[in-house]
Amino acid sequence: MKISIIGTGYVGTVSAACFAELGHDVICVDIDESKIEQINAGIPPIYEEGLSELLKKHAGKSLSATSDYELAVKNADVSFICVGAPSDAEGNIDLGIVKAASARLGESLRRRKDYHVIVVKSTVVPETTEKVVLPIIVQHSGKRPGEFGIAMNPEFLREGKAVYDFMHPDKIVVGSLDKKSGDIVASLYSGLNCEVTRTNPRTAEMIKYANNAFLATKISFANEVGNICKLLGIDTYEVMAAVGKDFRIGAHFLNSGAGFGGSCFPKDVKALIGKAKEIGYEPVLLKSVIEINEKQPARMVKLLKNKLGNLKGKKIAVLGLAFKNDTDDIRESRSILVIKELLDSGARVSAYDPMANENMKKLFSSIEYYISAADALRGADACLIITEWDEFRSLDEEFDVMNNKLIIDGRHMLAPRKGIEYAGLCW
Ligand SMILES: NC(=O)c1ccc[n+]([C@@H]2O[C@H](COP(=O)([O-])OP(=O)(O)OC[C@H]3O[C@@H](n4cnc5c(N)ncnc54)[C@H](O)[C@@H]3O)[C@@H](O)[C@H]2O)c1
């Protein structure tokens, strides 16, 4: 089938490359010309394992990119909206980009004679597809629902494992108002070994939020238990290893540490809180999930101050800037809050991340960036580990170059080492 993908960020680029791999013809649309050039040259605009190979294989053949909506819609049976839906200043969802993309899609649809399905893949709060996107398409296309299809197809991929997750999903959810458009969207995934859950758009939207809110809740729960364990001198990892054996709970997402970041969990939980309040419900649990998460990075710096005293002029090595391992994405990374707190306390920060140095430079231009952990650790008075990069597990002699061998491990990565003062965040 012929597909257009609107927005070539993490979700759009991965979806485009994977749909091409599934045998579809894909045309990407973005307002960022540099991304268009990169995709057409077979170069991923973001880092994701396996993405480079897929783009090299399909770019210039079944995969291309353009800034021309009309060209894309003319050459597609289905268009996916994959643009961002960030938080506004209050944490509520900001649908400005989704609305702009919907308007452009509607205009392009005006000149199409045959059936075309518009699919919302961006994470949007319940009712958005029906009450926001659909009316904009109707207004700008001059067509009635039924003359075109509308569906909601949330994305569940994990950054860092996005290509694998797209090709090996544990669920595919398609919400549509009519059977025809739902059938078309479901058929795009027929090459994957996964049942398609069919529902209406608002339920599909809610499934995505419930999914992310539950995972975020698990993390904040583990952090709260971890904080209590630390005060009691109990190893929370031992506790959670046993708790996770309960089949009703499961072992994943029970690791306590510096908290969750990224472009999804914080924003999505806040958006759900905003939507709940809008309809007159006070989401007590979800508010606590965010509150616990916001406090974890500050707990790391507090622990550091307890050990070192005044941080003024002290050199603190921050290992890990990306919000998680295997990505260059720093959005809502816990390292941002930690670095800010360190700088506010007068510390000097030397930072290292295997992939995210360049992205972090755009936020903090004045801190020192290094190309290896050893370089960042040289002369440091303490080291904070924030991101769970595999290469940090094997650090050993690298700590010898520190001025004061103190490690505060925000991810429970290192085994205590002789000659090094080691402190866990929650253990
Ligand atoms: N990143 C993830 O892991 C993930 C996972 C599941 C769902 N989602 C959801 O998917 C959506 C996209 O997320 P992302 O991380 O890929 O975002 P992103 O910010 O990485 O990418 C969005 C892209 O849209 C482009 N864009 C902006 N305005 C546009 C317009 N009017 N027309 C065309 N393109 C435009 C931007 O230039 C950018 O390339 C969000 O709603 C997000 O919550 C993200």
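One-based numbering, in listed order, for ligands and for the atoms of each.
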Peer 1: What pairs of residues pass the side chain to side chain donor-acceptor pair (under 3.5 Å) test when at least one of them lies in residues 21-39, not counting sequence neighbours?
Peer 2: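 Counting only pairs at least two positions apart or across chains, the side chain to side chain donor-acceptor pair (under 3.5 Å) contacts touching residues 21-39 are Thr8-Asp30, Glu21-Lys57, Glu21-His58, Asp32-Ser34, Glu33-Ser67.
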Peer 1: Quick one: do Glu388 and Arg393 make a salt bridge, cutoff under 4.0 Å?
Peer 2: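 Yes, Glu388 and Arg393 are salt-bridged.
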Peer 1: Please list all pairs passing the salt bridge (Lys or Arg N to Asp or Glu O under 4.0 Å) test where one or both residues lie in residues 353-364, with sequence neighbours left out.
Peer 2: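 Listed once each, the pairs are Glu358-Lys361.
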Peer 1: What does the N/O contact table under 3.5 Å look like for ligand 1?
Peer 2:
{"residue": "ligand 1", "atom": "1 (N)", "partner": "Glu159", "partner atom": "OE2", "Å": "2.7"}
{"residue": "ligand 1", "atom": "1 (N)", "partner": "Ser263", "partner atom": "OG", "Å": "3.3"}
{"residue": "ligand 1", "atom": "3 (O)", "partner": "Glu159", "partner atom": "OE2", "Å": "3.3"}
{"residue": "ligand 1", "atom": "15 (O)", "partner": "Arg331", "partner atom": "NH2", "Å": "3.0"}
{"residue": "ligand 1", "atom": "16 (O)", "partner": "Tyr10", "partner atom": "N", "Å": "3.0"}
{"residue": "ligand 1", "atom": "16 (O)", "partner": "Val11", "partner atom": "N", "Å": "2.8"}
{"residue": "ligand 1", "atom": "19 (O)", "partner": "Arg331", "partner atom": "NH1", "Å": "3.3"}
{"residue": "ligand 1", "atom": "20 (O)", "partner": "Tyr10", "partner atom": "N", "Å": "3.4"}
{"residue": "ligand 1", "atom": "32 (N)", "partner": "Tyr69", "partner atom": "OH", "Å": "2.5"}
{"residue": "ligand 1", "atom": "37 (O)", "partner": "Asp30", "partner atom": "OD1", "Å": "2.6"}
{"residue": "ligand 1", "atom": "39 (O)", "partner": "Asp30", "partner atom": "OD2", "Å": "2.7"}
{"residue": "ligand 1", "atom": "39 (O)", "partner": "Lys35", "partner atom": "NZ", "Å": "2.7"}
{"residue": "ligand 1", "atom": "41 (O)", "partner": "Thr123", "partner atom": "N", "Å": "2.9"}
{"residue": "ligand 1", "atom": "43 (O)", "partner": "Thr123", "partner atom": "OG1", "Å": "3.4"}
{"residue": "ligand 1", "atom": "43 (O)", "partner": "Lys267", "partner atom": "NZ", "Å": "2.7"}

Peer 1: Return the set of residues passing side-chain hydrogen bond (donor to acceptor under 3.5 Å, both in side chains) with Lys275 (not counting sequence neighbours), or none when no residue passes.
Peer 2: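 Expected list: Glu127, Glu278.
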Peer 1: Angle class for the Phe253/Phe265 ring planes (parallel below 30°, perpendicular above 60°, tilted otherwise)?
Peer 2: tilted
Peer 1: Could you tell me whether Asp114 and Arg112 make a salt bridge, using a distance below 4.0 angstrom between a side-chain N and a carboxylate O?
Peer 2: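 So Asp114 pairs with Arg112 through a salt bridge.
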